[in-house]
Protein chains: 2
Amino acid sequence: MSAGHTAVTDQVSDPGATEAVEDELVALEPCGLPEHPDCGIRDVLDRLGDTWSVLAVVELSSGTRRSSELKRALHGVSQRMLTLTLRRLERDGLVLRTVYPTVPATVTYELTDRGRSLTPLVQQLADWSLRHRAAIAESRREYDRATTASDRA
Amino acid sequence: MSAGHTAVTDQVSDPGATEAVEDELVALEPCGLPEHPDCGIRDVLDRLGDTWSVLAVVELSSGTRRSSELKRALHGVSQRMLTLTLRRLERDGLVLRTVYPTVPATVTYELTDRGRSLTPLVQQLADWSLRHRAAIAESRREYDRATTASDRA
DNA sequence: CTGAATCCGAAAGGATACTG
DNA sequence: CAGTATCCTTTCGGATTCAG
């Protein structure tokens, strides 16, 4: 990155900057669990739900990346979904997008503080997935074998 | 669930029972990150991605639940999605389904060991979501306000 | 009570072609 | 290189209805 001079970061302002204390459990006043429909937990979880968000955060957790680098790291991602995913992460204040006014456009992405606060969780998810993916695949085969042939029990 | 005598659990067999060591980081040999397409991480993450799986796991983390109880706990869920969600979790070996041969059918769901190993992660996700949802909502408003009016910088 | 089946609208997401 | 727009297919997921 060095030579960037007039890079344009998509800093709209500084929303939610006062969230500061990242390591203090919230009170859960309105609703503590899924009992409530409009609780808003799903709004956030849905972001982790789409196909590429988690992988993008994992990749960005090791440092700033260019768009093309992310494209390669996320492998099967289409240009469209890459952009959409990063836009949503940026919109949520998890990722900072910086545009360098170079000849062939240069754009970098990096995690914000909020995004970094999510890193350990996302890393654990990736670890868990890797640790269990074989057993899960086996469970699925078993399940399918037991259900397709005859019906269950 | 006291009186159950001949309850039928959907035990197909015991696939992946030898995964045992739940607290040892995996080696990540084949591929450590999203670099690889057929790595299989997404197969697992996708399960966390759908709308109700995480919420179901959270609810089941506090104990065995009947179908109707889950239906109420997950609030807006439709009968169809409740069944689908639980079936997928069962297929992945995260949830155990038990049918009691009572007059009006009785079915309970509970986490398996594998499902329980996921509980802390899911709980952290829920916590994180609650802790940040306000700030994220604010970021979204800011972002939308800055982009709908004029185009970005 | 629990769940399977059908119908159908709404998204997610890939492929491609086109701009700066 | 980075991103937008369009098209098109697949899946998600709700509503309803029927069955054990």
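All chains are named by letter (A, B, ...) in the order of the sequence lines, taking the proteins before the strands, and each is independently numbered beginning at 1.
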Taking the side chain of [X] as its heavy atoms from C-beta onward, which of [options] lies nearest to it?
X     : options               : result
B/M81 : D/dG14, D/dT4, C/dG14 : D/dG14
B/R88 : D/dC12, C/dG3, D/dG3  : D/dC12
A/D50 : C/dG13, D/dT4, D/dG13 : C/dG13
A/R80 : C/dG13, D/dC1, D/dG3  : C/dG13

Look at the side-chain N and O atoms of [X] and state whether any lies under 4.0 Å from the OP1 or OP2 oxygen of [N].
X      : N     : value
B/R97  : C/dG3 : yes
A/S67  : D/dG3 : yes
A/T106 : D/dA2 : no
B/Y109 : C/dG3 : yes
A/T102 : D/dC1 : no

Nucleotide [N], atom [atom2] - distance to [atom1] of [X] in whole Å:
X     : N      : atom1 : atom2 : result
B/E90 : C/dG3  : CD    : P     : 10 Å
A/Q79 : D/dT4  : CD    : P     : 9 Å
B/R47 : D/dT11 : CZ    : C1'   : 12 Å
A/L74 : C/dG14 : CG    : C1'   : 15 Å
A/L84 : D/dA2  : CG    : P     : 17 Å
A/H75 : C/dG14 : NE2   : C1'   : 14 Å
B/K71 : C/dG3  : NZ    : P     : 10 Å
A/R87 : C/dA12 : CZ    : C1'   : 18 Å

Would B/R42 pass as a cation-pi partner of A/W52, given that its NZ or CZ must be under 6.0 Å from the six-membered ring centre and within 45 degrees of the axis?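 The answer is yes; both the distance and angle limits are met.
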I want to confirm an ordering. Mapping B/E69 and A/T51 to their closest nucleotides on DNA chain C, which one lands closer to the 5' end? B/E69
Would you kindly compare B/A105 and A/V107 by the position of their nearest DNA chain D nucleotide and give the one closer to the 5′ end? A/V107
Side-chain (B/T112) to main-chain (B/G93) donor-acceptor, under 3.5 angstrom: yes
Are the side chain of A/S53 and the backbone of A/D50 linked by a donor-acceptor contact shorter than 3.5 Å?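 Looks like no, no N/O pair under 3.5 Å.
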Hey, mind stepping through A/T108 and A/Y100 against side-chain contact (heavy atoms from CB on, under 4.5 Å) and telling me if it holds? CA-CA 8 Å; A/T108 66; A/Y100 294 88; 3.7 Å; yes
If only side-chain N and O atoms count, and only distance matters, is there a donor-acceptor pair under 3.5 Å linking B/R131 with A/S117? no
